[in-house]
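Here is the structure we will look at.
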Amino acid sequence: MANEKNGYDLVLYGATSFVGQIICEYLAAYKDEQVTWAMAGRSEQKLIEVKQRVGIDVPHVVVNADDEDGLRAMCEQTKVVLTTVGPYALYGESVVKACVNTGTAYCDLTGEPQWIKRMVDKYQSAAQQSGARLVNCTGFDSIPSDLGVYHLQRLAIEKTGKPATQIKMRVHRIRGGASGGTVASLLNVLKEAKKDPGLRKALVNPYVLCPEGHPYSVRQKNHKSAEYDDELNMWTMPFVMASINERVVHRSNALLGNMYGENFRYDEAMSAKNKSIAKKTTLGLGAFMVAANISPLRILLEKFVLPKPGEGPSKEEQLNGIYDMRFYGTLANGEKIEVKVLGDRDPGYGSTAKMITQAGLCLANDSVDTQGGFWTPASLLNDKLIKRLAEHAGVIVEEVSSQ
Ligand SMILES: NC(=O)c1ccc[n+]([C@@H]2O[C@H](COP(=O)([O-])OP(=O)(O)OC[C@H]3O[C@@H](n4cnc5c(N)ncnc54)[C@H](OP(=O)(O)O)[C@@H]3O)[C@@H](O)[C@H]2O)c1
């Protein structure tokens, strides 16, 4: 089992990426427990530059994503691989394969449902045999959503013996920016979907990541426009990350043995101060999606507007970033429970760097001894990760008192 391995606790593959460098900074300053770790990437020169910039002296491994033997050797030296090498649909498979073949635990930052499905279909049984525990989506997508729902459902079951039948997640505040890598991943999903009608169909299925034979058929709400929610008394608008987060939450339900129930309804949206903001933001998002789907406009966006690979929000934007997500649960008896997830940095980078690191340390050190295979954060790390995030990562998952 991976936990019994000697060598490093963590190897950070993609240490030179925009988010990888923030993870290096976090690990360099991290004194809460002893961590042995190494950096890995395809360019030795860039790895050395990152070390000099961050002021660290950790070992490094040079390996390209197309070097299967090199990736295998990298995996054999560590309990857990954290990988930021993306878009995952382009460069991620060889790392998954190496971890599966060597029984090494793995965390990633993918938000690409079509790629997760391909990896699960192809490697799940081999991972079960080797004992490799692979946890996808251990960044802003989808840890806050996945753990917020899990925590609310655990409270609901403790209080009434039954899970909430419906949870609505509303983003109340969010401040941060996007990086070139995230933009590249989003554009790649759109490109793949444009070419493949089967994929387009799969992507609109909220249960696309649930294991075959799952019992779910309830129609789920999909926020496409600005709307007024009478129950919550607020304007809402679409939330870009909903399409991955909602699918991860339903996969967690399946992997947790239907803990949330067979008829569980879940949807995500952003709350807006008023109708005008909701309408204008929805229009802007719609225009961006249309432009990103039309080749000449997409090329112009990539060239002149969007951040390039390696670029992202400034240090100041990361430090001043924040998010506040609210989970409104309705119980079978009509009672309500509210849970909040608060993060103290920009969601995609400052906070994501801390979340993936803590997910990796949870796998390395917290006796998460379970069957190998592909897991979600909530289905494998749940309460242990909630505790770690509160203690070491500035992410709070807690009930909102009704007083
Ligand atoms: N889930 C979340 O909340 C979240 C948040 C942030 C980012 N992300 C995802 O994380 C990933 C990284 O984002 P980013 O903005 O940090 O990306 P980025 O700066 O563009 O970095 C991409 C990384 O991939 C490496 N790479 C590319 N091709 C490679 C190959 N053939 N072999 C080995 N390494 C290769 C690059 O190495 P070089 O430096 O040598 O070019 C670089 O380290 C993206 O997929 C993004 O969508 C997710």
Side-chain angles (χ1 to χ4, degrees), residues 11-26 39-51 53 60-68 70-71 74 81-96 98 107-116 135-146 174 176-190 239-245 247-248 302 306-313 317-318 321 323 325 341 343 345-357 359 376-377 393 395:
V11 165
L12 171 60
Y13 188 46
T16 57
S17 71
F18 186 79
V19 68
Q21 296 186 48
I22 304 170
I23 298 172
C24 289
E25 289 165 8
Y26 177 57
M39 296 160 68
R42 63 176 163 177
S43 157
E44 180 156 44
Q45 179 60 30
K46 276 195 178 180
L47 287 166
I48 291 169
E49 280 166 18
V50 173
K51 279 198 227 182
R53 201 187 54 72
H60 67 259
V61 180
V62 181
V63 57
N64 198 294
D66 62 7
D67 175 1
E68 290 202 5
L71 289 172
M74 177 185 86
V81 170
L82 308 181
T83 175
T84 78
V85 172
Y88 292 85
L90 300 182
Y91 312 118
E93 178 168 352
S94 53
V95 190
V96 166
C107 294
D108 69 27
L109 293 178
T110 185
E112 300 146 75
Q114 85 289 8
W115 179 74
I116 300 173
V135 190
N136 301 114
C137 307
T138 60
F140 180 63
D141 31 310
S142 299
I143 282 184
S145 299
D146 205 23
I174 188 161
S179 70
T182 298
V183 168
S185 298
L186 174 69
L187 294 179
N188 188 58
V189 176
L190 297 175
F239 176 46
V240 222
M241 302 302 179
S243 59
I244 179 68
N245 293 340
R247 281 145 188 78
V248 169
E302 284 176 291
L306 299 169
K308 316 257 172 320
E311 295 176 0
E317 285 171 315
Q318 289 165 37
Y323 53 92
M325 297 159 67
V341 177
R345 290 278 191 283
D346 75 302
Y349 306 94
S351 190
T352 285
K354 298 195 273 185
M355 286 191 274
I356 185 175
T357 306
T376 57
V395 178

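Excluded from the calculations below are hydrogen atoms, water molecules and symmetry mates; all remaining heavy atoms, backbone and side chain alike, are included. Numbering of ligands and ligand atoms starts at 1, following listing order. Everything numeric here is computed off the predicted structure, so don't read it as measured data.
Those atoms of ligand 1 with a heavy atom of Asn64 less than 4.0 angstrom away are 30 (C), 31 (N), 32 (N). Atoms of ligand 1 lying under 4.0 Å from any heavy atom of Thr84, numbered from 1 in the order shown and given with element: 11 (C), 12 (C). Near Val19, meaning under 4.0 Å from any of its heavy atoms, are these atoms of ligand 1: 16 (O). Taking every heavy atom of Tyr88 and a limit of under 4.0 angstrom, the matching atoms of ligand 1 come to 45 (O).
With rounding to the nearest 0.5 Å, the separation of CE in Met39 from CG in Leu82 is 12.5 Å. For the atom pair Thr16 OG1 and Leu47 CG, the distance stands at 6.0 Å (nearest 0.5 Å). Distance check, rounded to the nearest 0.5 Å: NZ of Lys51 to NZ of Lys46 gives 16.0 Å.
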request  = Let me see the working for Met355 and Val395 under side-chain contact (heavy atoms from CB on, under 4.5 Å), right down to the final yes or no.
outcome  = CA-CA 8 Å; Met355 286 191 274; Val395 178; 4.2 Å; yes
Verdict with reasoning, Gln45 to Ser43, per side chain to side chain donor-acceptor pair (under 3.5 Å) = CA-CA 5 Å; Gln45 179 60 30; Ser43 157; over 6 Å; no
request  = Determine, step by step, whether Tyr13 and Thr84 satisfy the side-chain contact (heavy atoms from CB on, under 4.5 Å) criterion, reporting the C-alpha distance in whole Å, the side-chain angles of both residues, the deciding distance to 0.1 Å, and the verdict.
outcome  = CA-CA 6 Å; Tyr13 188 46; Thr84 78; over 6 Å; no
inquiry  = Under the criterion side-chain contact (heavy atoms from CB on, under 4.5 Å), I'd like the reasoning laid out for Asn245 against Phe239: C-alpha separation, chi angles, the key distance, then a yes or no.
reply    = CA-CA 10 Å; Asn245 293 340; Phe239 176 46; 3.7 Å; yes
Intermediate values then yes/no, side-chain contact (heavy atoms from CB on, under 4.5 Å), Cys107 and Val81 = CA-CA 6 Å; Cys107 294; Val81 170; over 6 Å; no
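In terms of N/O distances under 3.5 Å, ligand 1 is not approached by Thr110. At least one N or O atom of Ser17, backbone or side chain, sits closer than 3.5 Å to an N or O atom of ligand 1. For Gly348, no nitrogen or oxygen atom sits less than 3.5 Å from a nitrogen or oxygen atom of ligand 1, counting backbone and side chain alike. In terms of N/O distances under 3.5 Å, ligand 1 is not approached by Gly20. Between Arg42 and ligand 1, at least one pair of N/O atoms sits closer than 3.5 Å. At least one N or O atom of Asp141, backbone or side chain, sits closer than 3.5 Å to an N or O atom of ligand 1. Between Lys46 and ligand 1, at least one pair of N/O atoms sits closer than 3.5 Å.
Residue-level proximity to ligand 1 for Thr352 is carried by the side chain, the only part with a heavy atom below 4.0 angstrom. For Phe140, heavy-atom contacts with ligand 1 shorter than 4.0 Å involve the backbone as well as the side chain.
For the residues Ile244, Leu109, Asn188, the heavy atom positioned nearest atom 48 (C) of ligand 1 is part of Leu109.
Contact between Gly41 and ligand 1 is absent, with no heavy atom of the residue lying under 4.0 Å from the ligand.
Less than 6.0 angstrom separates the ring centroid of Tyr323 from the ring centroid of Phe140.
In this pair, Tyr349 and Phe18 present their aromatic rings perpendicular. The plane angle is above 60°, beyond the 30 to 60° band.
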